[in-house]
Amino acid sequence: MRVPVPDEAFTMEKPRVRFAPSPTGYLHIGGARTALFNWLWARKTGGTFVLRVEDTDQERSTDESTRVILDSMRWLGLDWDEGPDVGGPHGPYFQMQRLALYRAHADRLVAEGKAYRCYATREEIDALRAKLPEKKRDGFVYPHLWREKTEADWLPGAPYVIRFKSPLVGATEFIDKVFGAIKTPHSSIDDFVIMRSDGVPLYNFGAVVDDVTMGITLVARGSDHIINTPKQILLYEALGAVVPEFAHLPMMLTPDGKKMSKRLAEQQGIDVPVEKYREKGWAPDGLLNYIARFGWSAGDQEIFSRDELIAKFDWAHCGTNDGRYDKKKSLWVSGEHLKRLADEDFAARVYPFLATVGVTIAQDDPRLLPAARTVKTRSARLLDAAESMVFYFQETIALDPAAVEKFLTNEARANLRAIADVLAGVKDFTEAGIGVAVEAWLVERSLEIKVVAQPARVALTGRTASPGLFEVIAVLGRDESVRRLRSAADA
RNA sequence: GGCCCCAUCGUCUAACGGUUAGGACAUCGGCCUCUCACGUCGGUAAUACGGGUUCAAAUCCCGUUGGGGUCACCA
């Protein structure tokens with residue numbers, strides 16, 4: 001019997017969570033998931049979602065990348081309460097604008113004997129490592145060259161890094177909100193560098209100083225950061241700060257179970273940059289649904305609106321095992337979201353994609369809504385929907401040669417002319433009215449719709465798969481339908 | 001290799017010591033049907049292995065195996 005616990009979301013202090021991408025490319029689908037879980041928690045609890053740009057890797061960081069990532073975040077609707085553009089009381093929100101802060105904290109740690117200057121050069125350390133027998137090189141750790149030195153030993157003017165003086169014995173344990181207790185022996189934590197010789201902090205230090213000064217109460221991120229957590233806890237303690245809560249999320253892997261690098265994933269037909277999903281016509285809520293449901297569940301429910309996600313999200317139902325991206329399921333989820341859209345909304349969303357498949361019509365073209373309606377339940381993504389719609393708007397449709405060969409026989413062509421004549425005389429030119437008239441003609445000729453449907457479909461759409469025949473005719477209109485039928489018959 | 005983590009259908013997951021191990025995607029078959037979809041009905045399909053603990057183990061413990069993460073003056 002489960003002991004009822006008060007809903008944590010409503011009994012705790014308002015949490016402050018954050019998403020801290022480094023601007024070295026695009027928004028990774030896995031990063032989007034991390035951002036989503038943080039955002040959901042903030043929105044559910046009335047807490048604060050902070051966006052911070054970790055741009056300390058000057059080699060790879062670009063403004064363009066920052067722009068792309070922010071764009072993707074906005075497209076997903078993951079709005080931030082503090083961060084770039086919106087500002088906030090704990091800014092700046094770009095790490096490269098906070099250098100003095102890291103410097104001050106690092107110097108303080110040195111002054112307190114909790115960190116130290118290390119003048120050993122990289123070459124010097126590499127040489128030491130190279131001297132080791134092959135087998136021991138993997139486990140090589142910094143050999144404490146400068147750990148016990150004092151200010152008197154400093155080399156004025158020479159470059160140095162600042163290393164953290166990690167405890168030699170004991171262990172650090174923390175209770176992860178997803179994984180539970182995780183314990184790491186200090187023997188596996190070396191005197192890691194916290195400040196580079198150029199005065200720029202390294203990830204573990206910059207993140208901790210920022211999380212402390214930004215008042216972050218819960219750090220949720222991918223499980224690849226579990227390994228960093230003990231180091232960071234040591235840093236919080238050295239800084240005299242309150243250690244936040246941690247929640248790690250299992251990894252999203254490729255279909256064959258590998259780390260989702262862009263190259264590897266794309267080989268398996270999986271898109272990694274969020275912008276690709278936008279380009280292919282995912283509804284943002286559909287993508288959010290798929291990645292939320294990945295590693296998290298709420299009973300048997302599969303489809304969630306954004307508001308349901310916010311209402312139902314919790315850490316207790318986050319799983320612990322890494323998962324593999326399932327493209328077919330992701331497409332199904334996407335389709336389910338499109339299916340639930342009102343026809344007008346769906347049509348408006350498809351519209352921009354028509355241009356990308358070469359259809360230029362006005363946004364208020366009267367054919368748009370009825371045409372969109374016919375493909376709504378047949379499309380996984382908006383781009384797919386647009387592709388299924390092109391034949392409606394083409395002056396001259398391209399007839400699939402194989403389809404012509406198979407279906408446009410002489411007998412079929414005669415039928416097409418006859419159907420064209422029937423259509424020319426239909427009074428009630430609606431899907432139902434057209435159906436009645438054509439059925440009557442079929443009865444009169446003792447024909448089955450089976451034998452005339454495919455030829456007519458090819459004539460009207462150019463292809464062998466399309467929405468229902470009478471729907472298509474109704475959308476095309478009398479004149480265009482008759483024209484296409486006769487044109488195909490005479491071709 | 002060291003350290004950390006993980007292990008239920010092909011895939012995402014439910015299960016809080018007692019269930020005929022449930023759902024979804026995929027797959028297979030039926031229905032619907034002018035094609036493709038949608039919809040609908042049904043089937044196949046899982047507790048990695050070995051030891052404990054317990055009246056009872058997918059569930060707790062140990063080990064094995066397998067997988068992932070991580071070992072930078074990247075993040």
Side-chain angles (χ1 to χ4, degrees), chain A residues 1-3 20-24 54-61 118 121-122 125 135-141 159-163 176 179-180 182-185 187-190 192-198 200-204 206-207 222-230 248 250-253 255 257-259 290 293-303 316-317 319-333 335 339 374-380 388 403 407 435 438 442 448-458 461 463-470 472:
Chain A
M1 171 97 174
R2 190 169 178 171
V3 183
S22 56
T24 55
E54 304 207 333
D55 54 355
T56 54
D57 183 344
Q58 295 174 85
E59 301 274 298
R60 299 191 299 150
S61 296
C118 170
T121 63
R122 215 186 307 232
I125 293 172
K135 284 177 71 177
K136 305 197 81 173
R137 280 183 204 169
D138 269 351
F140 179 80
V141 292
Y160 62 88
V161 299
I162 296 178
R163 288 182 183 273
D176 191 275
F179 284 85
I182 295 176
K183 191 174 185 178
T184 308
S187 56
S188 69
I189 300 176
D190 68 347
F192 56 96
V193 176
I194 61 175
M195 290 289 280
R196 283 187 272 234
S197 53
D198 62 1
V200 177
L202 249 31
Y203 165 71
N204 279 127
S223 66
D224 49 341
H225 284 289
I226 286 180
I227 199 81
N228 288 317
T229 308
H248 288 92
M251 299 274 89
M252 182 182 258
L253 307 171
K258 300 297 176 198
K259 190 171 168 125
Y290 181 67
R293 191 58 190 62
F294 196 105
W296 171 79
S297 63
D300 287 343
Q301 188 170 349
E302 296 287 348
I303 303 301
H317 292 87
T320 49
N321 47 324
D322 295 344
R324 303 174 182 214
Y325 191 109
D326 183 336
K327 184 163 186 183
K328 286 188 171 165
K329 180 152 187 179
S330 76
L331 254 18
W332 174 78
V333 171
K339 205 179 297 173
T374 66
V375 301
K376 196 170 82 168
T377 60
R378 294 165 214 270
S379 312
S388 314
F407 293 111
V438 174
L442 287 170
E448 281 188 289
I449 189 156
K450 261 191 201 131
V451 310
V452 297
Q454 280 304 78
R457 169 165 288 108
V458 173
T461 71
R463 21 225 234 197
T464 54
S466 81
L469 206 52
F470 305 143
V472 168

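All values below come from the heavy atoms of this structure, side chains included, with hydrogens, waters and symmetry mates left out.
- Rounded to whole Å, the separation between the P atoms of U11(B) and A46(B) comes to 12 Å.
- Across the P atoms, G42(B) and G23(B) are found 10 Å apart, a figure rounded to whole Å.
- Separation of atoms CD1 (I162(A)) and CE (M195(A)) is listed at 5.5 Å; rounding is to 0.5 Å.
- The partner of A57(B), taking Watson-Crick or G-U wobble pairs whose two distances both stay under 3.5 Å, does not exist in any strand shown.
- With a cut-off of 3.5 Å on both Watson-Crick or G-U wobble distances, the partner of U65(B) is given as A7(B).
- If you check A14(B) for Watson-Crick or wobble pairing at under 3.5 angstrom, you find it has no partner at all.
- When the C1' atom is compared between U19(B) and G2(B), the two are found 43 Å apart, to the nearest whole Å.
- Between the CG atom of D322(A) and the P atom of G66(B) there is a distance of 18 Å, given to the nearest Å.
- Annotation: G22(B) and A58(B) have their P atoms spaced 14 Å apart (nearest Å).
- Atom CG of L202(A) is separated from atom CZ of F192(A) by 9.5 Å, given to the nearest 0.5 angstrom.
- Nucleotide U70(B): paired with G2(B) (Watson-Crick or G-U wobble, both distances less than 3.5 Å).
- G299(A) comes within 4.0 angstrom of no nucleic acid atom, judged by non-hydrogen atoms across all strands.
- Distance from the side chain of L202(A) is smallest to A75(B) among U35(B), U11(B), A75(B).
- Closest contact between the side chain of M251(A) and the listed nucleotides A75(B), C38(B), G68(B) involves G68(B).
- Nearer the 5' end of RNA chain B, as judged by each residue's closest nucleotide, is the contact made by S297(A), out of S297(A) and Q454(A).
- Set against C5(B), U70(B), A24(B), the side chain of D224(A) has U70(B) as its closest nucleotide.
- Across all strands shown, U33(B) has no partner, as no Watson-Crick or G-U wobble contact with both distances under 3.5 Å is found.
- The side chain of R457(A) lies closest to U35(B) when the candidates are A75(B), C38(B), U35(B).
- Summarising the geometry, the separation between NZ on K327(A) and C1' on A24(B) is reported as 20 Å, rounded to the nearest angstrom.
- G42(B) is paired with C28(B) under the criterion used here, namely a Watson-Crick or G-U wobble arrangement in which both key atom distances are under 3.5 Å.
- Evaluation of atom-type donor-acceptor distances gives no pair under 3.5 Å for the side chain of Q301(A) against the base of G23(B).
- Contact annotation for S330(A): no contact, since no heavy-atom pair falls under 4.0 Å across all strands.
- At a threshold of 4.0 angstrom between heavy atoms, the contacts of R324(A) are confined to the sugar-phosphate backbone, with no base atom among them.
- Closest contact between the side chain of W332(A) and the listed nucleotides A75(B), C38(B), C25(B) involves C25(B).
- Neither OP1 nor OP2 of C4(B) sits under 4.0 Å from any side-chain N or O of T229(A).
- Between K376(A) and A37(B) there is no side-chain N or O to OP1 or OP2 distance below 4.0 Å.
- Residues T229(A) and I182(A) are not in side-chain contact: their nearest non-hydrogen atoms beyond the backbone lie 4.5 Å or more apart.
- If you take atom C1' in G10(B) and the same atom in C5(B), they sit 24 Å apart, rounded to whole Å.
- Residue G295(A) is in sugar-phosphate contact alone, with no base atom involved, counting any heavy-atom pair closer than 4.0 Å across all strands shown.
- Counting heavy atoms from C-beta on, the side chains of L253(A) and K258(A) never come closer than 4.5 Å.
- Atoms CZ (R163(A)) and C1' (A72(B)) sit 10 Å apart, rounded to a whole Å.
- The distance from atom OH of Y290(A) to atom C1' of A26(B) is 12 Å, rounded to the nearest whole Å.
- In this structure, D326(A) atom CG and U27(B) atom C1' are separated by 12 Å, rounded to whole Å.
- Only the P atoms considered, A7(B) is 27 Å distant from A26(B), to the nearest whole Å.
- Looking at heavy atoms from C-beta onward, D57(A) lies out of side-chain contact with S22(A) at the 4.5 angstrom threshold.
- Base contact: E302(A) has a heavy atom under 4.0 Å from a base atom.
- Residue-level contact check: P467(A) touches the bases, meaning some heavy atom is under 4.0 Å from a base atom.
- Inter-residue side-chain proximity for Y203(A) and H225(A) is flagged as met; some heavy-atom pair is nearer than 4.5 Å.
- Looking at R378(A), its side chain comes within 3.5 Å of the base of C36(B) through a donor and an acceptor atom.
- Nearest to the side chain of A465(A), among A75(B), C36(B), G68(B), sits C36(B).
- Here the side chain of D176(A) pairs a donor or acceptor atom with the backbone of H248(A) at under 3.5 angstrom.
- Within the structure, every side-chain polar atom (N or O) of K329(A) is placed at least 4.0 Å from both OP1 and OP2 of G10(B).
- An OP1 or OP2 oxygen of U8(B) is reached within less than 4.0 angstrom by a side-chain nitrogen or oxygen of N321(A).
- Across all strands shown, A21(B) forms no Watson-Crick or G-U wobble pair with both distances under 3.5 Å.
- Among the protein residues, V161(A) comes within range of the nucleic acid bases, having at least one heavy atom under 4.0 Å from a base atom.
- At G68(B), one or more side-chain N or O atoms of K258(A) fall inside 4.0 Å of OP1 or OP2 (strictly under the cut-off).
- Donor-acceptor pairing under 3.5 Å, judged by distance alone, is present between the side chain of S197(A) and the base of C73(B).
- If you check C73(B), C3(B), A75(B) against the side chain of R122(A), the one that comes closest is C73(B).
- Both T184(A) and T320(A) lie close to RNA chain B; mapped to their nearest nucleotides by heavy-atom distance, the more 5′-ward contact belongs to T184(A).
- For F179(A), taking side-chain heavy atoms from C-beta onward, the closest of the listed nucleotides C6(B), C25(B), A75(B) is C6(B).
- You'll find that the side chain of R293(A) is closest to U13(B), out of C73(B), U13(B), C5(B).
- Residue R463(A) is out of contact with every strand shown, counting any heavy-atom pair closer than 4.0 Å.
- Counting heavy atoms from C-beta on, the side chains of V333(A) and R293(A) never come closer than 4.5 Å.
- Using a 4.0 Å cut-off, some side-chain N or O of K328(A) falls inside it from OP1 or OP2 of U27(B).
- Counting any heavy atom pair closer than 4.0 Å across all strands shown, L469(A) reaches a base atom.
- Rounded to whole Å, the P atom of C25(B) lies 34 Å from the corresponding atom of C61(B).
- Between P255(A) and K327(A), the closest side-chain pair of non-hydrogen atoms is not below 4.5 Å.
- Look at the C1' atom in both G68(B) and A48(B): the space between them is 16 Å, to the nearest Å.
- If you measure from atom CD1 of I189(A) to atom P of G2(B), you get 18 Å, rounded to the nearest angstrom.
- Listed candidates were C73(B), A75(B), C3(B). Nearest to the side chain of N228(A) is A75(B).
- Atom pair L253(A):CG and G10(B):P shows a separation of 18 Å (rounding to whole Å applied).
- For the pair N321(A)/P250(A), no side-chain contact is recorded, criterion being any heavy-atom separation below 4.5 Å from C-beta on.
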